[in-house]
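Side-chain atoms are counted along with the backbone in the values below, which use heavy atoms only and exclude waters and symmetry mates.
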Amino acid sequence: MMQPTRRTTLAGLGLSIPTLAALSACGGGAQPTGGAGSSSSLSVWALTGAKQDTYQESFDSWDEDNPDNPFAVEFFANDSYKEKIRTSIGSGNAPTLVFNWAGGTLADYVASDAVVDLTGKVDDILGRSIESIGAIGEIDGAQYGVPNNDTQPVILYYNTALFEEHSVTPPTTWDELLTAVETFSEAGITPISLAGQSVWPELMYIQYLTDRIGGEGVFQKVVDGEADAWSDPAITSALESIVELIDAGAFGSGFGSVSADAGADAALVHTGQAAMLLQGSWVYGTFKQDAPDFVAEGNLGFLNFPAADGGEGDPANVVGNPANYWSISADADEEIQELAIKYLNEYNLNEEMVDSFLEMGAIPAVEGLEDKFTGLDDEDFLSFAYDMVLSAPHFQLSWDQALAPAPAQELLTNLSRIFLKEIEPDEFVTNMNATLDS
């Protein structure tokens, strides 16, 4: 779902209300050719895709006001960026602003003294950010990252026209979901679109099911590296529930060849070939771009993931990306660091940037947006997703972000094998427990 990262015990890997101590979509676009950052001038790398123009406009605004200290800006495809930023951080040649997903990635940067302690220096941007999301940029009580875009919960989308045609209740419980799967399967419609070829969308199922069945503490034991943490009964039950969906024909027979690239999974929903899709909030923009009439006519519904019957987890909990983050490279000269801090406080997620995100149907990670939704074309979705985040007792950072690179890859590999029915849940558990010693 996102770049695998180093294991950390930080509370920032999941946030709880009221303590709150703490879907990114893969970018497309051309491959980058530029070099690394310079310590004596402002530089920034960000991802290609729908948000590129918003970032560029923000940096252009800075450049207009600060002509003597412009940003050198480069945009990278998602996977290329992840590889390049690791290399640049390791070589001490990173851009001034370091784009990251917080969690284990940021903990790694801090452990290697690669980013600047921003504590007390970025109060303006933190003051307008959603408090719980800003707190994820903390490592051991110090601030090393600030949110730079939208909050991205994973949402259950559904085709309202298909649901009405087949008299199916939008599922808020596991039993209702199974009933919907059975009804659509019998009607020759794929119940749930799944980009199995991409693998990372499969994480959304084990994450939500584990949380719904066993609560937020189950995965925290894995993050903390407790022996045999993957043996928790909630994880086994989650895997068995996934198998139940597969056996019921929930994903159809060809999900292993469906890719999330270019919105292939969303296309199955807006063309009426599939009834539901579990994906990040970023996919709403894909629906808008690829099927504007479908969205405008009210054919796209959205729900939180269904509650588990008798489960211990709060059904209001969410998983996904709280946001992405800017950190400042410790390799930059001190005066450049100060300029970057000024940018973060005055330009990052300011009113212009917030309005730009809202125009694309994205929910900026800032406080007090409710009044801004009124009258927007996407008011219903924005209000739903924003309330979903603010009301969540716990917002779990995606598992492949919370684990070290090797265990995260093992997770993806073994989960794919579960969905392809190549291994049983007990084999998954054994294989993943072995990673706790790595």
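Within the structure, side chain to side chain donor-acceptor pair (under 3.5 Å) contacts touching residues 114-130 (residues at least two apart or in different chains) are Asp117-Thr119.
Residues Asn304 and Leu156 have side chains not in contact (no heavy-atom distance under 4.5 Å, counting atoms from C-beta outward). Residues Glu244 and Leu178 meet the side-chain proximity criterion, which asks for heavy atoms closer than 4.5 Å. Put simply, the side chain of Tyr284 reaches to within 4.5 Å of the side chain of Val295, judged on heavy atoms.
Comment: Glu226 does not engage Lys221 in a salt bridge, judged by the lack of any side-chain N to carboxylate O separation of less than 4.0 angstrom. Lys288 and Asp377 are not joined by a salt bridge, as no carboxylate oxygen comes within less than 4.0 angstrom of a charged side-chain nitrogen. Using a cut-off of 4.0 Å between Lys/Arg side-chain N and Asp/Glu carboxylate O, Arg212 and Asp314 are scored as not salt-bridged.
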Exercise for review: Please lay out, stage by stage, how Leu162 and Met276 fare under the test side chain to side chain contact (heavy atoms under 4.5 Å, CB included).
Suggested key: CA-CA 10 Å; Leu162 287 179; Met276 294 173 277; over 6 Å; no
Practice item. Please lay out, stage by stage, how Asn100 and Asn324 fare under the test side chain to side chain contact (heavy atoms under 4.5 Å, CB included). Key: CA-CA 6 Å; Asn100 63 83; Asn324 295 115; over 6 Å; no
Exercise for review: Kindly indicate, with the supporting measurements, whether the criterion side chain to side chain contact (heavy atoms under 4.5 Å, CB included) is fulfilled by Ser416 and Glu202.
Suggested key: CA-CA 7 Å; Ser416 177; Glu202 297 173 347; 3.9 Å; yes
Review point. Does the side chain to side chain contact (heavy atoms under 4.5 Å, CB included) test come out yes or no for Lys51 and Asp150, once each step is laid out?
Key: CA-CA 10 Å; Lys51 300 166 192 172; Asp150 54 322; 2.7 Å; yes
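Going from atom OG1 of Thr160 over to atom CG of Leu300 covers 7.5 Å, rounded to the nearest 0.5 Å. Rounded to the nearest 0.5 Å, atoms CD (Glu83) and CD1 (Ile85) are 12.0 Å apart. Remark: Asn93 CG to Ser88 OG distance equals 7.0 Å, nearest 0.5 Å. In this structure, Asn159 CG and Phe287 CZ are separated by 8.5 Å, a value rounded to the nearest 0.5 Å. A distance of 10.5 Å separates CE in Met204 from CD1 in Ile155, rounded to the nearest 0.5 Å.
Between the side chain of Tyr208 and the backbone N or O of Val154, at least one donor-acceptor pair lies under 3.5 Å.
You'll find the ring centres of Tyr144 and Tyr109 outside the 6.0 Å limit. You'll find the ring centres of Phe302 and Tyr157 outside the 6.0 Å limit. Within the 6.0 Å centre-distance limit, the rings of Phe419 and Phe251 are counted as a close aromatic pair. Between Phe75 and Trp45, the ring center distance fails the sub-6.0 Å criterion. Ring-centre distance between Tyr55 and Trp326: below the 6.0 Å cut-off.
For the 3.5 Å distance criterion, the side chains of Ser58 and Tyr343 qualify, holding a donor opposite an acceptor. In this structure, a donor-acceptor pair under 3.5 Å is present between the side chains of Glu176 and Thr172. If you check the side chains of Gln396 and Asn317, you find no donor sitting under 3.5 Å from an acceptor. Looking at Glu427 and Asn431, their side chains never bring a donor and an acceptor atom within 3.5 Å of each other. Counted by atom type alone, Thr286 and Asp290 present zero donor-acceptor pairs between their side chains at under 3.5 Å.
When every heavy atom of Ala316 is checked against every heavy atom of Pro393, the shortest pair comes out as CB-CD, 3.6 Å.
Ring-plane geometry between Phe99 and Trp101 is classed as perpendicular, the angle between the planes exceeding 60 degrees on a 0 to 90 degree scale with a lower cut at 30. Aromatic ring orientation, Trp174 versus Phe305: tilted (interplanar angle from 30° to 60°).
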